[in-house]
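Take a look at the structure set out below.
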Amino acid sequence: MKGIIFTEFLTMVEKEFSMDMVDTIIEKSNVSSKGAYTAVGTYSHQEMNLLVQALSAETNIKPENLLVAFGRYLFQTLSTAYPHFVNNAKDVLDFLSSIENYIHIEVRKLYPDAELPKFQSSYLSATQLELIYTSERHYGALAEGLILGALDFYHKEGNLEKEVLENKSVKFTISLNG
Ligand code: HEM
């Protein structure tokens, strides 16, 4: 997992909790990098799981809810860092349907060792998109937060439903209001 994801996670922890909380979770999770992440470095995604578990133990917030909140936060950073990705799309559903064949393809060019999930998308109607997330790393909750972040970004009110299909896949249905 790329360092940018870790540095953003720790920045969110600092903003939402405190710098002491950042130090506490790095210490208690016993991660081998000791929290010294660089944006372009690559680290095991297990380190992310350990940091999230440590934060969950300190805050009594479920790991899944922490990942959703992180995804929502992360979208703001990614959309600021890569404005052309979000500005090229005509609306939020167009954007979400382009992750697999455009966004993450561009990400792979920037970071050849990125570990990216797979997305299959299909329009159910002009205002409803089905997006199936598949990844060995089981970050469906992170994907959920990123979708919510995208809805925030495009100022769209919508309903997000999710269904866990099997171990590695989650089906999201995004329905826009009006
Ligand atoms: C501006 C838009 C986006 C950019 C620049 C971007 C970039 C990235 C990057 C750099 C990673 C890390 C890869 C690694 O650590 O090796 C990543 C992973 C991931 N992305 Fe995206 N992404 C974007 C939008 C989205 C959206 C909207 C979703 C959800 C629908 C999404 C879902 C994920 C997930 C869940 C992962 C974690 C890896 C996994 O689950 O296997 N991304 N993305």
Side-chain angles (χ1 to χ4, degrees), residues 1-12 31 33 37-52 63-124 128-156 158-176:
M1 181 171 255
K2 298 310 297 178
I4 185 176
I5 309 290
F6 288 87
T7 54
E8 285 311 314
F9 179 73
L10 295 179
T11 305
M12 181 194 75
V31 283
S33 68
Y37 302 108
T38 65
V40 291
T42 302
Y43 310 86
S44 162
H45 72 277
Q46 299 295 0
E47 284 211 11
M48 178 55 72
N49 297 346
L50 292 171
L51 290 168
V52 171
E64 194 183 330
N65 293 345
L66 290 169
L67 278 172
V68 174
F70 174 49
R72 201 164 190 162
Y73 172 90
L74 181 62
F75 190 82
Q76 291 175 36
T77 318
L78 294 177
S79 58
T80 310
Y82 304 100
H84 51 293
F85 291 169
V86 283
N87 294 335
N88 275 349
K90 53 177 202 324
D91 58 34
V92 64
L93 298 187
D94 184 45
F95 170 76
L96 291 171
S97 67
S98 75
I99 304 167
E100 178 72 8
N101 293 321
Y102 171 51
I103 312 287
H104 278 172
I105 303 266
E106 294 300 315
V107 169
R108 164 98 51 231
K109 291 183 195 162
L110 297 170
Y111 304 113
D113 57 350
E115 295 181 305
L116 296 164
K118 288 217 166 309
F119 286 100
Q120 276 171 270
S121 63
S122 41
Y123 275 93
L124 304 178
Q128 203 174 39
L129 182 79
E130 184 180 280
L131 194 59
I132 300 178
Y133 161 89
T134 306
S135 167
E136 302 288 335
R137 290 167 293 283
H138 304 163
Y139 286 132
L142 185 65
E144 181 180 346
L146 284 158
I147 295 170
L148 292 171
L151 286 164
D152 294 341
F153 178 88
Y154 291 96
H155 305 292
K156 272 290 178 190
N159 179 36
L160 177 59
E161 276 174 56
K162 65 172 175 184
E163 185 190 335
V164 178
L165 294 185
E166 30 93 16
N167 206 11
K168 291 183 293 184
S169 296
V170 181
K171 179 167 95 177
F172 294 102
T173 309
I174 303 110
S175 312
L176 300 183

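Side chains included, hydrogens not; waters and symmetry mates left out as well; all remaining heavy atoms used. Counting starts at 1 for both ligands and their atoms, in listed order. Quick caveat: nothing in here was measured; it's all calculated off a predicted structure.
Distances between N or O atoms of Ser79 and those of ligand 1 include no value under 3.5 Å. At under 3.5 Å, a nitrogen or oxygen of Arg137, whether backbone or side chain, sits near a nitrogen or oxygen of ligand 1.
Nearest protein heavy-atom contact of atom 5 (C) of ligand 1 is Tyr82 CD1, 3.4 Å. Summary of contacts: the protein heavy atom closest to atom 33 (C) of ligand 1 is Leu146 CD1, 3.6 Å. Nearest non-hydrogen protein atom to atom 6 (C) of ligand 1 is Leu78 CD1, 3.6 Å. Nearest non-hydrogen protein atom to atom 22 (N) of ligand 1 is His104 NE2, 3.1 Å. Among protein heavy atoms, the minimum distance from atom 27 (C) of ligand 1 is reached at Ile99 CD1, 3.6 Å. At the top of the distance list for atom 40 (O) of ligand 1, counting protein heavy atoms only, stands Tyr133 OH, 2.6 Å. Looking only at heavy atoms of the protein, atom 16 (O) of ligand 1 is closest to Glu115 N, 2.6 Å. Nearest protein neighbour of atom 37 (C) of ligand 1, counting heavy atoms only, is Leu142 CD2, 3.9 Å.
A donor-acceptor distance shorter than 3.5 angstrom exists from the side chain of Tyr133 to the backbone of Tyr139, with no hydrogens or angles considered. The closest donor-acceptor contact from the side chain of Tyr73 to the backbone of Gly149 lies at 3.5 Å or more, if one exists at all.
Within the listing of ligand 1, atoms 30 (C) sit less than 4.0 angstrom from a heavy atom of Ile147. Near Ile103, meaning under 4.0 Å from any of its heavy atoms, are these atoms of ligand 1: 2 (C), 3 (C), 4 (C), 23 (C). Of all atoms in ligand 1, numbered sequentially from 1 with element shown, those under 4.0 Å from a heavy atom of Phe85 are 1 (C), 5 (C). Those atoms of ligand 1 with a heavy atom of Phe119 less than 4.0 angstrom away are 29 (C), 30 (C), 32 (C). Of all the atoms in ligand 1, the ones that sit under 4.0 Å from a non-hydrogen atom of Met1 are 14 (C), 15 (O), 16 (O).
For atom 10 (C) of ligand 1, the nearest non-hydrogen atom from the set Leu110, Val107, Thr77, Val170 comes from Val107. Between atom 41 (O) of ligand 1 and the options Gly140, Ser135, Ser121, the minimum heavy-atom separation is to Ser135.
Contact annotation for Phe172 and ligand 1: no heavy atom of the residue comes within less than 4.0 Å of the ligand. Of the heavy atoms in Lys2, both backbone and side-chain atoms come closer than 4.0 Å to ligand 1.
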_Ile103 vs Phe95, test: side chain to side chain contact (heavy atoms under 4.5 Å, CB included). Steps then yes/no._
CA-CA 9 Å; Ile103 312 287; Phe95 170 76; 3.5 Å; yes
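In this structure, the side chains of Tyr43 and Met1 stay at 4.5 Å or more apart for every pair of heavy atoms. When side chains are defined from C-beta on, Asp91 does not count as touching Tyr154, because their heavy atoms never get closer than 4.5 Å. Lys2 has its side chain within reach of Thr42: a pair of non-hydrogen atoms, C-beta onward, lies under 4.5 Å apart. With a 4.5 Å cut-off on side-chain heavy atoms, Glu106 and Leu110 do not count as touching. With contacts defined as side-chain heavy-atom distances shorter than 4.5 Å, the pair Ser135/Glu115 does not qualify.
Between Glu130 and Thr173, the side chains place no donor N or O within less than 3.5 Å of an acceptor N or O (distance only, hydrogens not considered). Between the side chains of Ser169 and Glu166, a donor-acceptor pair is found at a separation under 3.5 Å.
Counting non-hydrogen atoms of other residues, nucleotides and ligands closer than 6.0 Å to CD of Glu64 gives a total of 12 or fewer.
Ligand 1 lies less than 4.0 angstrom from a heavy atom belonging to Phe95.
Relative orientation of the Phe85 and Tyr82 rings is parallel, given thresholds of 30° and 60° on the angle between their planes.
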